[in-house]
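Below is one structure; the comments refer to it alone.
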Amino acid sequence: MLKTHNCGELRPKDDGMQVVMAGWVHRRRDQGGVIFIDLRDRWGITQIVVNQETAPQAHQTASEVRNEYVIQVKGVVRVRPEGTANPELETGEIEVAAQELEILNRAKTPPFYINKNEKIDEVVRMKYRYLDLRRPQMQRNIVLRHKIVKFIRDYLDERGFVEIETPILFKTTPEGARDFLVPSRLLPGHFYALPQSPQQLKQLLMVAGYERYFQIARCFRDEDLRGDRQPEFTQLDLEMSFVEREDVMDLIEGLMTELTIKVAGKTPRFMPFPRLKYYDALDRYGSDKPDLRYDIEAVDVTDIAGKSAFPVFVNNAAEGKPVRVLRAPGMARELSGTALRRVTEELEQMAKAEGARGLAWMALPANESDEVKGPIGKFFTVEQKAELFERLGAEPGDLLLFMSDTREVVWAVTDRLRRHIAERLGLADPEQIAFCWVIDFPMFHWNEEEQRWDPSQHMFTLPVPEDIPLLDTDPGKARGSQYDLVCNGYEVAGGSIRIHDRAIQEKIFPLIGQTMERAREQFGHMLEAFEYGTPPHGGIASGIDRLAMVLAGEPNIREVIAFPKTQSGADIMAHAPSVPEPSQLEELHIRVVLEPEKKPQP
RNA sequence: GGGGACGUGGUGUAGCGGUUAACAUACUGCCCUGUCAAGGCAGAGAUCGCGGGUUCGAACCCCGUCGUCCCCGCCA
């Protein structure tokens with residue numbers, strides 16, 4: 001080894017020890033006769049002191065050193081002189097007095113700062129990703145990700161799970177996202193598909209009797225990117241036999257709780273995790289993946305508003321449309337009349353963007369004696385207002401936002417305004433971790449265009465046992481055994497108990513517009529497998545990238561992926577995707593036909 | 001497929017019809033023996049993403065294009 005110690009481990013107890021260290025020059029401070037070098041490696045930073053009098057040779061070399069040079073230092077650990085310790089550094093109480101210093105490799109001036117946390121253009125970051133990844137913040141993220149995966153593997157191994165790899169070259173699936181296709185050379189005109197998830201295979205592993213399977217699996221979906229979505233991503237995929245919904249949820253809840261505490265060093269806001277029914281989540285938070293780091297929620301006031309003199313509310317209430325209120329705590333307190341109007345106009349624009357006709361509001365005065373402000377105050381009697389404020393828990397300075405429309409529109413507005421208020425009031429703390437479960441999803445959503453039911457999850461999802469009879473009578477009311485795990489407003493896991501009973505499976509297919517014949521074409525291998533003794537089973541899949549992002553407190557999934565794609569799906573560093581050689585295409589029996597305006601730039 | 005924001009020395013920003021294109025930092029050289037965002041002095045570095053247009057004159061206005069990011073659609 002070219003080093004005896006790393007840059008994060010030396011302490012005052014090591015005083016006098018002879019050491020060899022190597023790493024990158026984080027910063028150099030040249031005082032003339034003495035040069036300080038902050039030497040950095042993956043484990044931390046240690047100050048190196050090079051003195052002209054005691055080590056003239058090393059001092060000469062140190063004066064040539066620049067940021068990001070790779071150097072090796074031989075020297076002695078010593079406690080820093082009185083008053084020169086640096087409390088910002090973990091190793092700040094000691095330093096290494098250099099005897100010899102060698103430049104192992106010089107470095108060009110980096111295109112951006114490695115030693116500062118400054119915003120950098122994404123193009124530059126991605127082009128020099130290897131330098132971006134050298135930044136301590138990124139190293140922290142990537143190491144955290146490793147620890148998450150390691151913890152998961154150990155946790156599941158201890159509980160009898162077996163990690164089994166499944167193919168990357170697999171078969172296209174008709175449902176779900178767009179597939180990435182891979183041409184077959186040996187079978188001209190045939191294509192593999194990269195797996196969107198190992199869903200089918202893990203169920204087959206249950207048929208195969210492994211009972212407890214998991215995999216840290218790479219998955220691929222050819223859809224447009226988002227801040228929390230990449231075309232290739234990593235899932236914790238797992239499946240268990242002889243289990244019910246509670247068993248899978250308990251396992252994952254335990255795993256996530258320990259992961260948060262032991263690996264991320266944070267405390268989940270809720271233990272145990274709250275369980276929200278799908279429609280309750282929508283009614284209260286406007287979303288099936290609510291951010292529960294803050295408590296703002298929509299409160300139904302249809303009964304009170306329906307008795308007011310405000311025609312819109314009265315009419316809507318009569319038509320069965322809800323009136324719900326979001327209370328933005330203290331948001332009106334600091335605002336003058338003009339500022340308040342500007343804020344409410346902005347909020348109304350957002351509401352309209354989500355399909356609302358308008359947005360009514362009341363601003364509670366900071367002083368009890370002043371009048372309630374806002375255009376609809378006059379339509380409510382003093383008693384009605386008192387009842388409203390009581391139900392909402394309203395306090396002086398609060399801004400109350402009234403939403404009334406169809407249930408769906410109110411959901412969309414609730415979600416949008418709730419997020420906005422939280423952002424404005426700084427309620428979404430990236431250091432907070434708030435998990436919750438969402439359960440009781442409807443089995444199906446009505447597809448108006450196709451005049452049929454679409455499965456909410458996938459077609460092997462079992463209804464909750466008591467709703468099985470509804471498949472025959474009222475499929476829209478049937479709830480699936482699906483469970484989603486949500487954290488800080490992101491869906492971080494989702495799964496279900498699967499159908500292992502052929503009779504139930506045969507009821508599902510016609511409902512979703514699948515004939516048994518077509519199902520056999522596409523899922524014949526599955527249906528056949530299920531005829532050979534299938535245990536009741538269920539599982540879950542968790543997006544590791546998203547989970548790591550949330551646990552790291554990062555706002556974007558790219559921050560926890562070593563080599564991510566840009567929003568257009570490109571790798572700027574390696575220039576992928578690229579135009580292949582004609583000979584490669586020929587071997588694959590592929591001819592590329594481009595619209596004239598879409599010629600690739602070589 | 002659609003909406004929005006951004007693109008100015010290496011990096012981060014300012015400038016928004018006439019400026020010698022400004023500031024910070026990084027970079028280069030010199031000085032400096034207790035710094036830690038070291039400091040001081042001096043210096044180099046930008047045809048303002050690209051193309052076209054309007055104008056006496058464009059970093060600035062208009063159109064197009066490329067790229068990045070955020071969002072809708074899409075996606076479990």
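So you know, we letter chains A, B, ... as the sequences are listed, proteins then strands, and number each from 1.
- Among residues at least two apart or in separate chains, salt bridge (Lys or Arg N to Asp or Glu O under 4.0 Å) pairs with a member in residues 80-92 of chain A are A/R11-A/E90.
- Across all strands, A/E53 comes closer than 4.0 Å to base atoms (heavy-atom distances).
- When distances are taken from the side chain of A/Y113 to each of B/rG12, B/rC70, B/rU25, the shortest belongs to B/rU25.
- Looking at heavy-atom distances under 4.0 Å, A/R558 makes contact with sugar-phosphate atoms alone, never a base.
- The listed nucleotides are B/rC75, B/rG67, B/rG12; the one nearest the side chain of A/R221 is B/rC75.
- Distances from the side chain of A/Q567 to the nucleotides B/rG73, B/rC70, B/rU11 place B/rC70 closest.
- The phosphate of B/rA26 (OP1 or OP2) has no side-chain N or O of A/R66 nearer than 4.0 angstrom.
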Expected rows: protein N/O vs nucleotides 6-8 of chain B N/O, under 3.5 Å:
none

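- In this structure, the separation between OG1 on A/T166 and CG on A/L205 is 7.5 Å, given to the nearest 0.5 Å.
- Nearest nucleotide to the A/N67 side chain, out of B/rA26, B/rG1, B/rU68: B/rA26.
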Side-chain donor-acceptor pairs of residues 110-120 of chain A under 3.5 Å, sequence neighbours excluded:
{"unit_1": "A/N115", "atom_1": "ND2", "unit_2": "A/H26", "atom_2": "O", "d": "2.9"}
{"unit_1": "A/N117", "atom_1": "OD1", "unit_2": "A/R135", "atom_2": "NH2", "d": "3.2"}

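- Residues satisfying the salt bridge (charged side-chain N to carboxylate O under 4.0 Å, His left out) test with A/D415, not counting sequence neighbours, are A/R419.
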For residues 47-56 of chain A, which side-chain N or O atoms pair as donor and acceptor with protein atoms under 3.5 Å away, sequence neighbours left out?
{"unit_1": "A/Q47", "atom_1": "OE1", "unit_2": "A/R29", "atom_2": "NH2", "d": "3.0"}
{"unit_1": "A/Q47", "atom_1": "NE2", "unit_2": "A/E95", "atom_2": "OE1", "d": "3.1"}
{"unit_1": "A/N51", "atom_1": "OD1", "unit_2": "A/E53", "atom_2": "N", "d": "2.8"}

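- For A/R416 against B/rC71, a side-chain-to-base donor-acceptor contact under 3.5 Å is absent.
- Among the protein residues, A/G543 comes within range of no part of the nucleic acid, since none of its heavy atoms lies under 4.0 Å from any strand.
- With sequence neighbours left out, A/Y294 forms a ring pair (Phe, Tyr, Trp, His ring centres under 6.0 Å) with no residue at all.
- The side chain to side chain donor-acceptor pair (under 3.5 Å) check on A/K565 picks up A/E232, with sequence neighbours excluded.
- The salt bridge (charged side-chain N to carboxylate O under 4.0 Å, His left out) test applied to A/D228 returns A/R546, not counting sequence neighbours.
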Generate the contact string for nucleotides 34-47 of chain B. Rules: B means base contact, S means sugar-phosphate contact only, - means no protein heavy atom under 4.0 Å.
BBBSB---------
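- The separation of B/rA14 from B/rC32, taken at their C1' atoms, amounts to 34 Å, rounded to a whole angstrom.
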